[in-house]
Chemist: 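Dropping the structure in here first, questions after.
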Number of protein chains: 2
Amino acid sequence: MAYDLFSRRGVRDVGVNELIERSGVAKATFYRHFPSKDSLVLAFLEQRDQLWTVEAIVSQARLRGTTPTEQLLAIFDVFGDWFLRDDFEACSFINVLLEMGPAHPLGKASIDYLAKIRGHVQALAEEAGLQRTEEFSRSWHILMKGSIVSATEGDTGAAKRAQQMAGWLIEHHRS
Amino acid sequence: MAYDLFSRRGVRDVGVNELIERSGVAKATFYRHFPSKDSLVLAFLEQRDQLWTVEAIVSQARLRGTTPTEQLLAIFDVFGDWFLRDDFEACSFINVLLEMGPAHPLGKASIDYLAKIRGHVQALAEEAGLQRTEEFSRSWHILMKGSIVSATEGDTGAAKRAQQMAGWLIEHHRS
DNA sequence: CTCAGGGGAGACAGACCAGTCTTACTCGCT
DNA sequence: AGCGAGTAAGACTGGTCTGTCTCCCCTGAG
């Protein structure tokens, strides 16, 4: 409910009035569960981490590949399918970070969740036996975020392009 | 005036009241020059294209390199210096695109200006004699945008990492 | 000097926002 | 039956926003 509204239209564009009206809950009830709108957004980001990062991206990528290297590259196969969806909504963590700024509590939380994404990538890189996995995951993340922005611009082939560069990056971190 | 406020704090966060107060102009005068706030934002984006894309990035990169290939890679040297500035404000085109969405007129305008950036990259790629420059510029742009988001997260080394992948990309488009 | 027009200052309209509070009702427990 | 907790509905507060309108002054042309 709130998850769909926030992920599709952005946390700043959806107000508390609309949320409670659509969910059929009273305003006082909402504020009994969440002390402020920001705390609901924090809960949304947490849910986003679970539903999107973990279940939609990482788990899917692990299913699509057999070796860790294949699983890493499969991230961009999942991205390719995701970019083609008509309800493609970009990355909520990037959106919130750029909307609120890195100094805002919600921006800081988004930075933390983005770091968690890098953690998943780094774990796969370790499994693949790559070198300097911290550096690797940061470079890899550049490709992920860049391709997402490109997809928002309308470039549906961004995933393939990022995947190609990702292949070179893996090669470079093998030795 | 409006340029600094919009680029540092985002077009949504700066209201018309604040703009006219800071510039000392009357509200009626402002609305005689611009029929709406959005039209002022459009003028800001146009100015951003000139001051940032052309003068701060492309011209600087051309100055720093002697060959077209060096000039391409110098883009990320310029980025590296830019990321370290304390008034680093990310890319207004990406910000507006993600804030307003690709369907909004301001989002569409941002997409156009981002395409202009790819045009500059493609021109340099042509001068460098690279192959398939359209594809090249799209991949290159992924690195630019991804590194900007990473810098917003606080990764000041994002430019170096993007530059390394950019080198592989040039190599791949030589033949 | 006269007068028209532009601009500064700011009130105002109408719509939103987050968050508080009141009222009325329902349900479960004793 | 009676009572208390929880909730829906929504009024309300105080603030924000974009955009319009009024008032008044100042300046420059004839």
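Quantities reported herein were computed from a predicted structural model and do not represent experimental measurements. In what follows, chains are A, B, ... by sequence order, proteins preceding strands, each numbered from 1. Only this structure's heavy atoms are used, side chains among them; waters, hydrogens and symmetry mates stay out.
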Chemist: Just jot down the side-chain hydrogen bond (donor to acceptor under 3.5 Å, both in side chains) partners of A:Arg64, sequence neighbours excluded, or say none.
Modeler: A:Asp81
Chemist: Sequence neighbours left out, what passes side-chain hydrogen bond (donor to acceptor under 3.5 Å, both in side chains) with B:Glu21? Give chain and number order.
Modeler: none
Chemist: Show me the donor-acceptor pairs within less than 3.5 Å that the side chains of residues 164-175 of chain B make with the rest of the protein, sequence neighbours left out.
Modeler:
{"unit_1": "B:Gln164", "atom_1": "NE2", "unit_2": "A:His172", "atom_2": "NE2", "d": "3.4"}
{"unit_1": "B:His172", "atom_1": "NE2", "unit_2": "A:Gln164", "atom_2": "NE2", "d": "3.4"}
{"unit_1": "B:His173", "atom_1": "ND1", "unit_2": "B:Gln131", "atom_2": "O", "d": "2.8"}

Chemist: Which ones in residues 94-106 of chain B lie close to DNA chain D, meaning a heavy atom under 4.0 Å from one of its atoms?
Modeler: none
Chemist: Treating primed atoms plus P, OP1 and OP2 as sugar-phosphate and everything else as base, which nucleotides of nucleotides 23-29 of chain C get B, S or - for protein heavy atoms under 4.0 Å?
Modeler: -------
Chemist: Partners of B:Ser150 by side-chain hydrogen bond (donor to acceptor under 3.5 Å, both in side chains), sequence neighbours excluded?
Modeler: A:Lys145
Chemist: Check whether any side-chain N or O of B:Glu134 sits under 3.5 Å from a backbone N or O of B:Gln122 as a donor-acceptor pair, and report yes or no.
Modeler: no
Chemist: Please identify each residue that fulfils salt bridge (Lys or Arg N to Asp or Glu O under 4.0 Å) with A:Lys116, with sequence neighbours left out.
Modeler: A:Asp49
Chemist: Could you run down nucleotides 10-22 of chain D 5' to 3' and tag each one B, S or - for protein heavy-atom contact under 4.0 Å?
Modeler: B-------BBBB-
Chemist: Report yes if at least one side-chain N or O of B:Arg32 is closer than 4.0 Å to OP1 or OP2 of C:dG7; otherwise report no.
Modeler: yes
Chemist: Among all residues two or more places apart in sequence or in another chain, which pass the side-chain hydrogen bond (donor to acceptor under 3.5 Å, both in side chains) test with B:Asp112?
Modeler: none
Chemist: Among B:Phe93, B:Phe34, B:Trp52, B:Phe6, which residue satisfies the ring-ring contact (aromatic ring centres under 6.0 Å, His included) criterion with B:Phe44?
Modeler: B:Phe6
Chemist: Would you call A:Arg62 and A:Leu124 a side-chain contact if the rule is heavy atoms closer than 4.5 Å?
Modeler: yes
Chemist: Are there runs of at least three consecutive Watson-Crick or G-U pairs touching DNA chain D, with each pair's two distances under 3.5 angstrom? Give them by first number.
Modeler: C:1-30 with D:1-30
Chemist: What residues form a salt bridge (Lys or Arg N to Asp or Glu O under 4.0 Å) with B:Asp155, not counting sequence neighbours?
Modeler: A:Arg138, B:Arg161
Chemist: Counting only pairs under 3.5 Å, give me each side-chain donor-acceptor contact of residues 7-16 of chain A, with atom names and distances, residues two or more places apart or in other chains.
Modeler:
{"unit_1": "A:Ser7", "atom_1": "OG", "unit_2": "A:Tyr3", "atom_2": "O", "d": "2.8"}
{"unit_1": "A:Ser7", "atom_1": "OG", "unit_2": "A:Asp4", "atom_2": "O", "d": "3.2"}
{"unit_1": "A:Arg9", "atom_1": "NH1", "unit_2": "A:Glu18", "atom_2": "OE2", "d": "2.7"}
{"unit_1": "A:Arg9", "atom_1": "NH2", "unit_2": "A:Asp13", "atom_2": "O", "d": "3.3"}
{"unit_1": "A:Arg9", "atom_1": "NH2", "unit_2": "A:Glu18", "atom_2": "OE1", "d": "3.1"}
{"unit_1": "A:Arg12", "atom_1": "NH1", "unit_2": "A:Glu99", "atom_2": "O", "d": "3.4"}
{"unit_1": "A:Arg12", "atom_1": "NH2", "unit_2": "B:Asp13", "atom_2": "OD1", "d": "2.7"}
{"unit_1": "A:Asp13", "atom_1": "OD1", "unit_2": "B:Arg12", "atom_2": "NH2", "d": "2.6"}

Chemist: Side chains of A:His141 and A:Met144: closer than 4.5 Å at any heavy-atom pair?
Modeler: yes
